[in-house]
Asker: 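Below: one structure in structure tokens.
Since the model is a prediction, treat every value here as computed from it, not as a measurement.
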Amino acid sequence: MQRYELRLFLSALITHKVTFAPIVPPIMLNLVKNPVVDEFDLGKLSLRSVMTAAAPLALEILNKFERKFPGVEVQEAYGMTEHSCITLSHGSVIAKRNSVGFILPNLEVKFVSPETGNSLPKNTLWKRRNFSF
């Protein structure tokens, strides 16, 4: 596709029996809220997994996507062009819901608290606060 267009995207997924698709959260939002999706027989999809990155995925969108596309695993990933594109991913491991996964080999990552600016210790759980989509 030279340019994203929802009907063409869905048609390509069905026609080419795509099983894995990397998509960004705005496309996921489009897939769950745009009435164009209802024009397609989603039962014909071969899609088994999607990877989303480039922006945070709102839990509301994730929930709606999982309801509309049951059986399609959602893998969230994190990366930056400056250091290897994808830095955190689930790889071949089943994706933990609302998680960006594990640090890829040969990389070091430091997590910093947005509230304090301090480095977080290993295995610290941090939940998104005041995030809306």
Asker: With rounding to the nearest 0.5 angstrom, report the NZ to NZ distance, Lys64 to Lys33.
Answerer: 4.0 Å
Asker: With a 3.5 Å distance limit and no angle check, can you tell me whether Thr52 reaches the backbone of Ile23 through a side-chain donor-acceptor pair?
Answerer: yes
Asker: To the nearest 0.5 Å, how far apart are CD in Gln75 and CZ in Phe20?
Answerer: 5.5 Å
Asker: Could you state whether Leu6 and Leu8 fall into the same hydrophobic cluster, counting links through intermediate Ile, Leu, Val, Met, Phe, Trp or Tyr residues with side-chain heavy atoms under 4.5 angstrom apart?
Answerer: yes
Asker: Name all residues meeting the salt bridge (Lys or Arg N to Asp or Glu O under 4.0 Å) criterion together with Asp38; count only those two or more places apart in sequence or in a different chain, and write none if there are none.
Answerer: Lys68
Asker: Working to the nearest 0.5 angstrom, can you tell me the gap between Phe69 CZ and Leu47 CG?
Answerer: 8.0 Å
Asker: Could you tell me the separation between the CG atom of Leu59 and the CD atom of Glu66, rounded to the nearest 0.5 Å?
Answerer: 8.5 Å
Asker: Where do Val74 and Leu62 land on the side-chain contact (heavy atoms from CB on, under 4.5 Å) test, with the steps shown first?
Answerer: CA-CA 8 Å; Val74 177; Leu62 173 60; 3.8 Å; yes
Asker: Show the nearest heavy-atom pair for residues Val18 and Ala12, with the distance to one decimal.
Answerer: CG2-O, 4.0 Å
Asker: Apply side-chain contact (heavy atoms from CB on, under 4.5 Å) to Met28 and Leu57, showing your working.
Answerer: CA-CA 9 Å; Met28 289 188 83; Leu57 178 62; 3.8 Å; yes
Asker: Restricting to non-hydrogen atoms, name the atom on Pro25 and the atom on Ala55 that form the minimum distance, rounded to 0.1 Å.
Answerer: CG-O, 3.3 Å
Asker: Could you please spell out the steps behind the side-chain contact (heavy atoms from CB on, under 4.5 Å) verdict for Val72 and Leu45?
Answerer: CA-CA 10 Å; Val72 178; Leu45 278 175; 5.9 Å; no
Asker: Rounded at 0.5 Å granularity, tell me how far CG in Leu29 sits from CZ in Phe65.
Answerer: 12.0 Å
Asker: What are the two closest non-hydrogen atoms of Leu13 and Ala21, and how far apart are they?
Answerer: CD2-CB, 4.3 Å
Asker: Rounded to the nearest 0.5 Å, how far does CG of Leu10 lie from CG of Leu31?
Answerer: 6.0 Å
Asker: List for me each residue that meets salt bridge (Lys or Arg N to Asp or Glu O under 4.0 Å) alongside Arg7, sequence neighbours excluded, and say none if there are none.
Answerer: Glu39
